[in-house]
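A quick write-up on the structure given underneath.
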Amino acid sequence: MKRITSIALAIAMLVSAGMTAVAADKDFPFRDVPDDAWYRRYVEQAYLEGVMVGTGETTFAPNEPMTREEFVTALMRLANVNPPHVDVLTFADVKGGAWYAGYVEWARQVGVVSGVDDKNFGVGQPVTREQMAVMLSNFSHAVTGPSLLESEHPAPAFQDIGAAAAWAKGAVEEMRICGIVSGDENNRFQPKRAMTRAECATVLVKYQQARVDCGDFQLSFDNLTRMCMRSGASGLPTMYMISDQKEMQQLLDYINAAPIKSKKYAPSATGWTYSIDFWNGETYLNGIGIGADWVEVGNVRYYTEGDYFQSLLDEIDAKAEYIPLN
């Protein structure tokens, strides 16, 4: 099965050290971003992708805090959104004609951001780590679609997650599980701390790395992965067998035509609706899990919009051999 991940952009923790000047090159002009800095590749990619710009022709200011309007602007650039013209501004502290006004208003309208209070956006205030997590989570669901791939090796649960605001805890956990944020040497997230520009470049790059393009999803007899089946385990569904080669191919064709929209590591096997084993009459070949709007292969679940697979499941109910697991 081919898996193609989309290009990149996103956050690592700041482990700031003394900076050594580096010569600017043709494509990457910032002299204050050393070659050996932990954030170098993230800053470079964010800059070359047009998501972040410098504070000057040859300066990036990696250790300076990033403001809320700067982070929102970077998110909108990530989505290739041009700043719209706005006639009416929601926030009292966002002035008409400001370079960020269109970005902030658009982000508010689509649900990416809200204000720091009922009237103000918080212009000029540093974006905190918990605010960043919420903005990224909102951005994922409202703009790019909920297609974040969970990390195989996420950071452990943060020691100080209790210090995060109630409205931010879910987003912080989502970003941790997807490998976009991590903790410091003591596994603290530090939710109230301001984000640096280097950290913001890192999270944006990692966010893009966690997004998945599932358009090239394919199944074949040769690359199916055996699913884990435990006979007698509580909650497992019926295992269906398809022994006819033609019917097996029809099933694969149907699945391969599915409009896959997102991809995540599969949850517990108890969430399966059906598990289907291909059987050639003598031995079991490989297995897949199928739900009304997802197909699961090799512990990865691919989601569709709507109940795409429901008619397929109805057909399987009517035709396939099955073995109850109890």
Side-chain angles (χ1 to χ4, degrees), residues 1-10 75-76 78-81 106-107 109-113 133-152 170-171 173-175 177-180 206-220 223-225 227 237-238 240 242 247-276 286-320:
M1 176 186 64
K2 298 179 182 175
R3 61 181 276 228
I4 295 184
T5 53
S6 56
I7 323 178
L9 286 132
L75 283 177
M76 298 305 103
L78 186 59
N80 294 316
V81 172
W106 187 87
Q109 291 177 6
V110 299
V112 173
V113 297
V134 170
M135 289 184 194
L136 272 180
S137 178
N138 291 344
F139 181 75
S140 171
H141 292 274
V143 181
T144 61
S147 55
L148 293 178
L149 179 63
E150 293 179 11
S151 173
E152 293 183 11
E173 276 296 283
E174 180 185 7
M175 295 301 108
I177 291 170
C178 294
I180 296 171
K206 287 187 175 179
Y207 173 83
Q208 278 295 81
Q209 290 173 336
R211 292 192 63 229
V212 178
D213 176 6
C214 299
D216 200 24
F217 176 84
Q218 279 290 312
L219 284 177
S220 70
N223 62 22
L224 283 174
T225 304
M227 302 297 289
T238 298
Y240 285 76
I242 298 179
E247 289 184 2
M248 284 195 280
Q249 187 59 58
Q250 289 174 343
L251 174 63
L252 289 181
D253 291 343
Y254 188 96
I255 293 173
N256 286 333
I260 302 298
K261 297 300 182 183
S262 63
K263 171 181 176 180
K264 294 180 70 176
Y265 285 105
S268 165
T270 57
W272 293 346
T273 301
Y274 296 92
S275 176
I276 300 175
N286 294 291
I288 58 177
I290 293 181
D293 65 345
W294 52 262
V295 58
E296 184 176 310
V297 183
N299 296 321
V300 176
R301 186 167 288 187
Y302 299 83
Y303 290 87
T304 64
E305 286 185 352
D307 295 339
Y308 180 83
F309 291 115
Q310 188 58 57
S311 61
L312 173 64
L313 297 177
D314 293 342
E315 185 176 344
I316 291 170
D317 272 337
K319 294 172 57 177

Under the ring-ring contact (aromatic ring centres under 6.0 Å, His included) test, residues paired with Y308 that sit two or more places apart
Y254
What is the minimum heavy-atom distance between W294 and F309, and which atoms define it?
O-CD1, 3.4 Å
Interatomic distance, S140 atom OG to M135 atom CE [nearest 0.5 angstrom]
15.0 Å
Looking at every heavy atom in both F139 and L78, which two are closest together, and how far apart are they?
CE2-CD2, 3.9 Å
Who passes side-chain contact (heavy atoms from CB on, under 4.5 Å) against A133, sequence neighbours left out?
A171, V172, M175
Using only atom types and a distance under 3.5 Å, with no angle test, would you say the side chain of T304 pairs donor to acceptor with the backbone of P259?
no
Compare all side-chain heavy atoms of V110 with those of N138 and state whether any distance is below 4.5 angstrom.
no
D253: what forms a side chain to side chain donor-acceptor pair (under 3.5 Å) with it, not counting sequence neighbours?
Q249
For Q109, is the CD atom crowded, meaning more than 12 foreign heavy atoms sit under 6.0 Å from it?
yes
Can you tell if the side chain of I255 reaches within under 4.5 Å of the side chain of I290, non-hydrogen atoms only?
yes
With the side chain counted from C-beta on, respond yes when L313 and D307 share a heavy-atom pair under 4.5 Å apart, and no when they do not.
no
